[in-house]
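Note sheet for the following structure.
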Amino acid sequence: MHNLPSTVKNAIVDLRARSADPISAFVYDLEGLQTHIKQVMAALPENVELFYAIKANSDTEILNTLAPWVNGFEISSGGEIERIARCQQRLPFIFSGPGKLDSELEAAIHQKVAAIHVESISEIHRLQAIAKKLNHTQAVFLRINPTLPDTLSSRLTMAGRATPFGIDEMDLQEAVNAVDDSPNLLLEGFHVHAMSHQKSLTKHQMLIDFYLERWPHWKALSNKPDNITHMNVGGGIGVNYRQETQFDWSAFCHYLDCVLKRTPDSPILRFEPGRFISAFCGYYAMEVLDKKTSHGESFVICRGGTHQFRLPVAQSHDHPVIHLPLHNNISEDHKPEDKRRWTLVGQLCTPKDILSRTCELSLCEVGDILVLPLAGAYGYNISHAAFLCHPTPLMTYLPIQTPIEHGSTTRVKQTFNEETSCVAS
Ligand SMILES: *Cc1c(COP(=O)(O)O)cnc(C)c1O
């Protein structure tokens, strides 16, 4: 199954040695994050950009690690504007989300936001008034909630049905007119973030095909179509929490290169993934406090819980677990073949505090540490850490060991052979 980098393992052992109490801790492997983002960016073809959606994980160390490589950040609140302002490097940023405050729109303009993704017709009028007051011309993208073909839905669909996000296609002409008629707004592109948890390469390719098919129609709605250069196709690339095989990003990029080359007047495509960028670098470590059997089910009770790592309950999945045997009292009465299926729970006084029901462990003892990988996105930051007044988990960011390189000069753009076909795999 999943393997634990030795740096992460050593850090956990070290944290334990320095703590009087059993521990729960998040460990972030920044070197691993850097390796991943370099690969993701190197695979991008010509005319494709990637902005990191920081709501997946906006910790300063994560942003600083990504900043040399990505084209920018995608944010959705005033608090997130403050997060990127703390980052060592200033990068272009874009602002989406329903219910933006006037004060947030003003703050974004003051921080030189690259584009604001407008989510409703009334927001267009509000933004025009703010831009006028600040004597500024603001680039905007219109967020669209298109009617999607049935075959394209994933687990968490943000478009193609009733949602608070974006503008229905039937209202798009009115929205485009409203932007065209706003002297302080400039329509630069369209935005669709329709999916989350997309694990199917083929379906994501079909989604891109669908957007590119709609693109000339959307663009033609404007009386200044030449200003419209970008199609932001959102994030939503999934992470496979149950198996090792992940979304084939390089095959996907290869496909993008082909379709963009064969599409006349193609847009600059912009992606804004969150989960697929930061999930892999995070590890949540929980120390075993107790074991018991209740009505025939074996429970392993650990430090921490879903108030610190809500992801498995939020997505109702059994999270994978790596067993780190650290106990020093190997008991005689256990044999390695004593492998059992455990239910892994935390310290909360609620039966919902379950991280996995299918945890296969042998020789699991009090004092061992169970490590939950794939914890770097929507992990601690979506959790209800104040519940039951437990202390917050330990947090460690393992620094990058390799010498600093500068993304802008060393970024290798992969070019693909024109002969290769655009067949979906
Ligand atoms: C949350 C969000 C993203 C990132 O989604 P992931 O599933 O983490 O890739 C991108 N764009 C918008 C508008 C979002 O709300």
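Atoms within a ligand are numbered from 1 in the order they appear, just like the ligands themselves. As a basis for the values below, the full set of heavy atoms in this structure was taken, side chains included, without hydrogen atoms, waters or symmetry mates.
At least one heavy atom of S196 sits under 4.0 Å from some atom of ligand 1. Note on ligand 1: F165 sits outside its first shell, no heavy atom being nearer than 4.0 Å. The shortest separation from a heavy atom of G236 to ligand 1 is under 4.0 Å, placing the residue in contact.
Contact annotation for K55 and ligand 1: only side-chain heavy atoms (C-beta onward) come within less than 4.0 Å of the ligand. Residue-level proximity to ligand 1 for H117 is absent, since no heavy atom of it falls below 4.0 angstrom.
Between G274 and ligand 1, at least one N/O pair is under 3.5 Å apart. Taking only nitrogen or oxygen atoms, main chain and side chain alike, S76 does not reach within less than 3.5 Å of ligand 1. For ligand 1, one of its N or O atoms has an N or O atom of E272 under 3.5 Å away.
Which parts of ligand 1 touch R275 is read off a 4.0 Å heavy-atom cut-off, strictly below it: atoms 6 (P), 8 (O), 9 (O). Near G235, the atoms of ligand 1 lying under 4.0 angstrom from a non-hydrogen atom of the residue are 9 (O), 10 (C). Atoms of ligand 1 lying under 4.0 Å from any heavy atom of P273, numbered from 1 in the order shown and given with element: 9 (O). Near A53, the atoms of ligand 1 lying under 4.0 angstrom from a non-hydrogen atom of the residue are 3 (C), 4 (C), 10 (C). The distance from ligand 1 to the heavy atoms of Y378 drops below 4.0 Å at these ligand atoms: 1 (C), 4 (C), 5 (O), 6 (P), 8 (O).
Taking 4.0 Å as the cut-off between side-chain N and carboxylate O, R270 and E49 count as a salt-bridged pair. Between K55 and E80 there is no salt bridge, since none of the side-chain N atoms of the basic residue sits less than 4.0 Å from a carboxylate O of the acidic one.
Annotation: cation-pi geometry satisfied between K100 and F95 (NZ/CZ under 6.0 angstrom from ring centroid, within 45° of ring axis).
Aromatic ring centres of Y380 and F26 lie closer together than 6.0 Å. Here the two rings, on H319 and F309, have centers that are under 6.0 Å apart. Residues Y284 and Y28 keep their aromatic ring centres 6.0 Å or farther apart.
For the side chain to side chain contact (heavy atoms under 4.5 Å, CB included) with I237, the qualifying choice from H197, K199, H204 is H204, the only one to do so.
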Audit row: D353, T306, side chain to side chain donor-acceptor pair (under 3.5 Å) steps and yes/no: CA-CA 5 Å; D353 189 23; T306 55; 2.7 Å; yes

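Distance alone, capped at 3.5 Å, is enough to place a donor-acceptor pair between the D318 side chain and the R357 backbone.
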